[in-house]
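These notes are about the structure you will find just below.
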Protein chains: 2
Amino acid sequence: MTTEEKILLAAKKSFFEKGYDGAKMQDIANDAGINKAMLHYYFRSKELLYEKVNMSFAKVIIPQINSLVDTELNIFQTIENFVEIYLEFLQKNPDLPSYFIGEMNRNHDMFFKVLSENATQPNFVAFAQKIYSAIEQKEIRPVNPIQLILNIISLCIFPYLAAPMLQYATQSDDTFIGEIIANRKKEITSFILHSLTNQNDVLYEN
Amino acid sequence: MTTEEKILLAAKKSFFEKGYDGAKMQDIANDAGINKAMLHYYFRSKELLYEKVNMSFAKVIIPQINSLVDTELNIFQTIENFVEIYLEFLQKNPDLPSYFIGEMNRNHDMFFKVLSENATQPNFVAFAQKIYSAIEQKEIRPVNPIQLILNIISLCIFPYLAAPMLQYATQSDDTFIGEIIANRKKEITSFILHSLTNQNDVLYEN
DNA sequence: GTCTATAATTTGATAGAC
DNA sequence: GTCTATCAAATTATAGAC
């Protein structure tokens with residue numbers, strides 16, 4: 001592994017754990033097993049190092065998300081596929097959501113600068129259109145496509161954000177939380193499809 | 001307004017915007033319209049000030065959440081009530097979720113120390129039991145109560161966490177995002193109740 | 001209680017030898 | 001490329017006058 005790779009790996013670890021403000025160059029250097037001066041030799045400043053780290057996954061994630069809506073599948077298979085791939089990705093990167101949300105809300109400008117320069121826009125148009133036509137053909141009940149997509153993503157991501165609170169609230173150990181997350185794929189898919197295929201009016205009050 | 005109150009207000013603003021690491025004592029002092037030395041006179045250190053700020057809402061929030069499950073209502077009214085009050089609270093405190101999630105994942109120890117010392121545990125037992133009995137009486141389809149509660153909370157909170165990303169992804173202005181959030185109560189309630197009252201088997205694959 | 005001035009420490013960044 | 005030594009700025013915290 002080259003020095004540059006060692007730095008990027010250590011930097012990602014620090015930024016993910018502590019955020020931009022909390023991460024310290026000295027810690028990154030120690031963790032990479034090299035000297036602090038080397039960080040500046042390779043990346044010039046903390047800010048540029050931060051941008052490089054964010055670039056490294058911005059380029060990977062957005063295209064992955066955009067490719068999730070395979071046009072050959074019907075609406076039900078599309079949703080199941082989306083949830084499955086999304087959750088698989090999250091299980092491999094469980095600390096990504098809280099980093100993403102945290103940095104997006106705190107270091108707004110720096111974060112979106114990298115995103116707009118290095119990644120294609122997330123594109124949900126194909127997904128929304130598939131939802132539209134499924135409604136037209138009465139395969140699912142009428143819903144606002146954007147709200148539905150938001151629902152699906154909420155259900156997938158939120159447990160990873162709330163894991164520490166979930167553990168605190170249920171006063172349980174890691175295994176219990178792990179179990180909840182492991183059952184999440186089935187739960188979410190079932191939850192969504194039950195909702196979409198119920199054409200009845202279910203609002204009990206206004 | 002006393003000096004102490006002015007400090008707490010300014011501190012909350014800074015911590016909410018920047019997090020513990022990003023917030024600076026000088027900014028807090030400026031924002032409160034007083035001198036930096038006063039912060040230490042009243043709260044001794046940044047860490048203690050941080051704890052006081054967190055205490056001030058930890059004492060308020062958790063009891064509110066615990067009181068949401070009114071025992072007189074049936075399962076459908078309970079859920080609608082829960083979503084309504086929860087969303088009303090979030091609309092009044094739209095920056096609370098990202099602060100909460102960010103600090104919980106970054107300054108884990110400091111954060112939960114305050115929570116355990118100053119707030120009662122969030123208690124979802126009453127809610128879970130109401131879900132159980134609704135299943136027994138076949139008012140709703142069989143679900144895991146914890147998963148359902150997690151679903152409900154996910155749907156309520158996540159849009160507030162993802163608002164900047166939502167704006168970026170849809171390339172829209174504030175009004176559009178505001179509209180989505182405004183329609184959220186109806187959407188979430190409808191989404192959940194449609195799912196729960198659909199007793200059919202809807203899983204299309206395994 | 002409130003302020004100015006200053007100490008003490010942390011931290012990002014650079015200079016220069018090897 | 002890599003290191004040690006050091007600088008300059010930022011930041012938390014305190015001392016002491018009023």
Side-chain angles (χ1 to χ4, degrees), chain A residues 1-56 99 102-114 117, chain B residues 1-56 99 102-103 105-114:
Chain A
M1 195 153 60
T2 68
T3 302
E4 188 169 336
E5 288 170 332
K6 280 192 282 187
I7 293 174
L8 279 172
L9 195 69
K12 184 185 167 183
K13 183 163 172 281
S14 271
F15 285 133
F16 268 53
E17 273 176 19
K18 308 271 192 176
Y20 179 79
D21 296 312
K24 303 303 168 195
M25 297 293 265
Q26 186 64 59
D27 294 339
I28 295 173
N30 292 345
D31 199 49
I34 48 103
N35 190 278
K36 197 172 50 163
M38 297 296 285
L39 301 181
H40 292 93
Y41 176 79
Y42 277 96
F43 297 95
R44 250 201 33 230
S45 72
K46 184 183 180 183
E47 196 164 323
L48 287 173
L49 176 56
Y50 179 71
E51 290 184 6
K52 286 282 180 197
V53 168
N54 286 337
M55 273 162 55
S56 71
Y99 173 71
E103 297 304 287
M104 180 172 68
N105 283 286
R106 275 163 175 57
N107 295 340
H108 191 280
D109 293 340
M110 233 195 298
F111 197 75
F112 279 107
K113 177 171 166 261
V114 173
E117 282 173 5
Chain B
M1 195 155 60
T2 68
T3 302
E4 188 169 336
E5 288 170 331
K6 280 193 281 188
I7 293 174
L8 279 173
L9 196 69
K12 183 186 166 181
K13 183 163 171 281
S14 271
F15 285 134
F16 268 53
E17 272 176 19
K18 308 271 192 176
Y20 178 79
D21 295 312
K24 302 302 168 197
M25 297 293 265
Q26 185 65 59
D27 294 338
I28 295 173
N30 292 344
D31 199 50
I34 48 106
N35 190 276
K36 198 173 48 162
M38 297 296 286
L39 301 181
H40 293 92
Y41 176 79
Y42 277 96
F43 297 95
R44 253 205 26 233
S45 72
K46 183 182 181 184
E47 195 164 326
L48 286 173
L49 176 56
Y50 179 70
E51 290 184 7
K52 286 281 181 197
V53 169
N54 287 337
M55 273 163 52
S56 72
Y99 173 71
E103 297 304 294
N105 283 287
R106 275 165 175 56
N107 295 338
H108 191 282
D109 293 341
M110 236 194 297
F111 197 74
F112 279 107
K113 176 169 166 263
V114 173

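Within every chain, numbering begins at 1; the chains are lettered A, B, ... in the order of the sequence lines, protein sequences first and strands thereafter. This structure is a prediction, so every number in the text was calculated from the model and none was measured.
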**Message:** Less than 6.0 angstrom separating the ring centers of A/Tyr99 and A/Phe15, yes or no?
**Reply:** no

**Fill in**
Separation of D/dA13 atom P from B/Glu47 atom CD, nearest Å, is 8 Å

**Asked** Just how far, in rounded Å, is P of D/dC3 from CG of A/Leu39?
**Response** 11 Å

**Prompt:** Within the pair A/Tyr42 and D/dT2, is there a side-chain N or O less than 4.0 Å away from OP1 or OP2?
**Reply:** yes

**Prompt:** So what does B/Met25 hit on the nucleic acid, given a heavy-atom distance under 4.0 Å: a base, only sugar-phosphate, or nothing?
**Reply:** sugar-phosphate

**Complete:** Separation between NZ (B/Lys24) and CG (A/Asp21), nearest 0.5 Å, reads 6.0 Å

**Backbone of A/Ala11 reached by a side-chain donor or acceptor of A/Ser14 within 3.5 Å** = no

**Phosphate-side-chain proximity, A/Thr3 and D/dG1, N/O vs OP1/OP2 below 4.0 Å** = no

**Prompt:** Between D/dA13, D/dT11, D/dT14, which nucleotide has the shortest distance from any of its atoms to the side chain of B/Ser45?
**Reply:** D/dA13

**Request:** Could you tell me whether A/Ala29 contacts a base, only the sugar-phosphate backbone, or nothing, with contacts defined as non-hydrogen atoms closer than 4.0 Å?
**Result:** nothing

**Asked** Atom NZ of B/Lys46 to atom P of C/dT9: distance rounded to whole Å?
**Response** 18 Å

**Item:** Residues B/Glu103, B/Lys18; criterion salt bridge (charged side-chain N to carboxylate O under 4.0 Å, His left out); working and verdict
**Value:** CA-CA 10 Å; B/Glu103 297 304 294; B/Lys18 308 271 192 176; over 6 Å; no

**Message:** Nearest whole Å is fine: how far is D/dA10 P from B/Asp27 CG?
**Reply:** 12 Å

**Message:** Distance check needed: C/dC3 P versus B/Gln26 CD, whole Å only.
**Reply:** 12 Å

**Item:** Distance in angstrom units between A/Tyr41 OH and C/dA15 P, rounded
**Value:** 15 Å

**Request:** Using whole Å, report how far CG of B/Leu48 lies from P of D/dA13.
**Result:** 9 Å

**Asked** Once you round it to whole Å, what is the distance between C1' of D/dA15 and CZ of B/Arg44?
**Response** 17 Å

**Prompt:** Within the pair B/His40 and D/dA13, is there a side-chain N or O less than 4.0 Å away from OP1 or OP2?
**Reply:** yes

**Asked** Nearest to the side chain of A/Lys24 - C/dT11, C/dT4, C/dG1?
**Response** C/dT11

**Prompt:** Do the numbers put B/Lys46 on top of the ring of B/Tyr20, so that NZ or CZ is under 6.0 Å from the six-membered ring centre and no more than 45° off the axis?
**Reply:** yes

